[in-house]
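Following: one structure in structure tokens, then a few remarks.
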Amino acid sequence: MLEKHIPQDSPSHARHPVYVVGGGPGGLAAAQALRARGIRAVVLEKSSRVGDSWRRHYDRLHLHTTRRRSSLPGLPMPRSFGRWPARDDMVRYLERYAEHHGLEVVTGVEVSRLERAGDGADGAWVLHATGGRRLTGSAVVVATGYNHTPRTPGWPGLDGFTGEFLHASAYRSGTAFAGRDVLVVGVGNTGAELAVDLVERGAARVRLAVRTVPHIVRRSTAGWPAQNTAILVRRLPVRLVDRLARTMARISVPDLSAQGLPRPDTGLYSRVREGAIPVQDVGLIDAVRRGRVEVVAAVDGFDGAEVLLADGSRITPDAVVAATGYVRGLEGLVGHLGVLDDRGLPTVHGPRAPQDAPGLFFTGFTTPISGTLRELARDAERLAKAIARAAG
Ligand SMILES: Cc1cc2nc3c(=O)[nH]c(=O)nc-3n(C[C@H](O)[C@H](O)[C@H](O)COP(=O)(O)OP(=O)(O)OC[C@H]3O[C@@H](n4cnc5c(N)ncnc54)[C@H](O)[C@@H]3O)c2cc1C
């Protein structure tokens, strides 16, 4: 049940709810786990509905993690979603999840800054939110999303580019680009899938600018999902997993060196540890092999109608889609608390609060090989347990 009511401040910390900042999967799962332990949790969501990130993803998107391993605690996704749920199914699921568990969600409230309440020793926090609100929470869970703010590199000449330019976060469907010459920049999961979507929707030409060749894995092999393998191997030594992945890739992924996508030099799991998730194939291998997606060098800048590539060539696409990722955007919220590392990521996550910031928890800020949704669900249980323990 969604509610529009924000609890009144009360002098007693014991009567303050735990505030959860963000009504995506991470925030909803945390709120449910807290509620299941008898702790009042109020989710503050800046947009008008839960699951806002998912509502804004492109039309073609299906989960690359399985339905079973993407469900949040206390409500499995229905079988009718199939093995790889579609974007709209995910949105429906998140709405249903909040209702099913009777979560208290207040929408249209953006939290801009967190400060310790009093000396902060008891783990209480003051949240500064939309409309000058100051809310006191007995603890805070930050679940504002790893993919928070679209990131566009500061390319020279971009301001003067005369073609169409958009970040992948604004891309909905390739139908808008039918008959046009499009350059996709960046070959993460999003860039790879948008290139395929453009081909399928009738773009006249699709090029994909690649700086670092990605690891490409089949989403499933003989019915066995790549996610299951990832879960099995994730605790093994990194070098061993790198070796296994190399062998697996030789068996299941064709050599695309001639098309500009050689196998990477660095191991798959080593890359994951640096935050680079492998690309799950949803049509890229075939499109590259058939020449429908042409791989070109990285983008170095723009000059009028031209895009300048790292190999010295210049191309003139009608449109450029920058699939160049996101930043966490946590600096305003918690940057002053000394809880972020030099990449802007929380120094701890899940059930652990930073040493100097008791009562402050983060979820969803890792890129696990085993699937973010799966790990969010597990973190929710763990952090609710930690909060329950601290509350005595
Ligand atoms: C294209 C794409 C495909 C993906 N596919 C998969 C997949 O198949 N499997 C998988 O496991 N993961 C996938 N992910 C990762 C995915 O982002 C996470 O699994 C999941 O959405 C993360 O949930 P979250 O709650 O941490 O963040 P989000 O879903 O981003 O939710 C954060 C919420 O916080 C709100 N918010 C932000 N700032 C504030 C603020 N200051 N105050 C109040 N509210 C705020 C936002 O409006 C948003 O609703 C995908 C990501 C992308 C970009």
Side-chain angles (χ1 to χ4, degrees), residues 19-31 42-72 77 83-87 89-91 93-94 97-98 105-114 127-130 133 135 140-151 167-169 171-172 188-194 197 219 225-227 230-231 277 279-280 282 323 325-326 328-334 346 349-350 362-380:
Y19 279 108
V20 178
V21 187
L28 297 179
V42 177
V43 178
L44 302 175
E45 166 54 46
K46 70 176 177 182
S47 76
S48 59
R49 291 172 298 183
V50 298
D52 190 55
S53 311
W54 284 90
R55 293 174 199 278
R56 289 182 288 113
H57 288 330
Y58 48 91
D59 296 350
R60 190 184 196 273
L61 180 66
H62 284 69
L63 292 188
H64 58 246
T65 50
T66 63
R67 177 187 80 241
R68 244 189 81 215
R69 297 195 189 279
S70 305
S71 293
L72 303 178
M77 289 190 199
R83 189 177 226 185
W84 312 107
R87 176 202 62 186
D89 288 337
M90 185 66 187
V91 170
Y93 172 71
L94 294 174
Y97 190 81
V105 181
V106 187
T107 55
V109 177
E110 179 167 8
V111 180
S112 51
R113 189 177 168 89
L114 301 183
L127 295 82
H128 295 257
T130 311
R133 291 184 180 95
L135 309 165
V140 180
V141 179
V142 177
T144 49
Y146 188 87
N147 301 303
H148 186 273
T149 310
R151 186 189 82 94
H167 187 272
S169 57
Y171 179 105
R172 293 291 165 273
N189 275 295
T190 297
E193 183 156 17
L194 298 195
D197 190 51
R219 192 170 63 173
Q227 187 188 13
I231 291 167
I277 293 291
V279 171
Q280 302 242 1
V282 287
Y326 295 79
R328 291 0 108 199
L330 286 168
E331 288 75 10
L333 197 63
V334 295
H349 73 277
F362 295 89
T363 184
F365 294 98
T366 57
T367 50
I369 191 172
S370 46
T372 307
L373 290 166
R374 176 179 188 270
E375 298 308 322
L376 280 179
R378 293 158 70 92
D379 272 351

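Everything quoted here is computed from the prediction, not taken from an experiment. One-based numbering, in listed order, for ligands and for the atoms of each. Sequence positions, counted from 1, serve as the residue numbers for this chain.
Contacts of Leu44 with ligand 1, taken as heavy-atom pairs under 4.0 Å, involve the backbone alone. Contact annotation: for Thr144 versus ligand 1, heavy atoms closer than 4.0 Å belong to both the backbone and the side chain. Contact annotation for His64 and ligand 1: heavy atoms of both the backbone and the side chain come within less than 4.0 Å of the ligand. Residue contacts with ligand 1, taken as heavy atom pairs separated by less than 4.0 Å, do not involve Leu333 at all. Contacts of Pro25 with ligand 1, taken as heavy-atom pairs under 4.0 Å, involve both backbone and side chain. With a 4.0 Å heavy-atom cut-off, ligand 1 is reached by the side chain of Asn147 but not by its N, CA, C or O.
Considering all non-hydrogen atoms of both residues, Glu45 and Gly23 come closest at OE1-N, 2.7 Å.
Proximity to Ala143 (heavy-atom distance under 4.0 Å) selects the following atoms of ligand 1: 32 (C), 33 (C), 34 (O). In summary, the atoms of ligand 1 found under 4.0 Å from a heavy atom of Leu376, numbered by their order in the structure, are 22 (C), 23 (O). Under a 4.0 Å criterion applied to the non-hydrogen atoms of Gly22, ligand 1 contributes the atoms 33 (C), 34 (O), 35 (C), 44 (N).
Counted by atom type alone, Ser70 and Thr65 present one or more donor-acceptor pairs between their side chains at under 3.5 Å.
At the top of the distance list for atom 38 (N) of ligand 1, counting protein heavy atoms only, stands His148 NE2, 3.1 Å.
Ligand 1 has Trp54 within reach: a non-hydrogen atom of the residue lies less than 4.0 Å from it. Asn189 does not count as a contact of ligand 1, since none of its heavy atoms falls under 4.0 Å from the ligand.
With Asn189 contributing its side chain and Gln280 its backbone, the two residues share a donor-acceptor pair below 3.5 Å.
The number of heavy-atom neighbours closer than 6.0 Å to CZ of Arg68, taken from other residues, nucleotides and ligands shown, is 12 or below.
Between Phe362 and Phe365, the ring-plane angle classifies as perpendicular under the 30° and 60° cut-offs.
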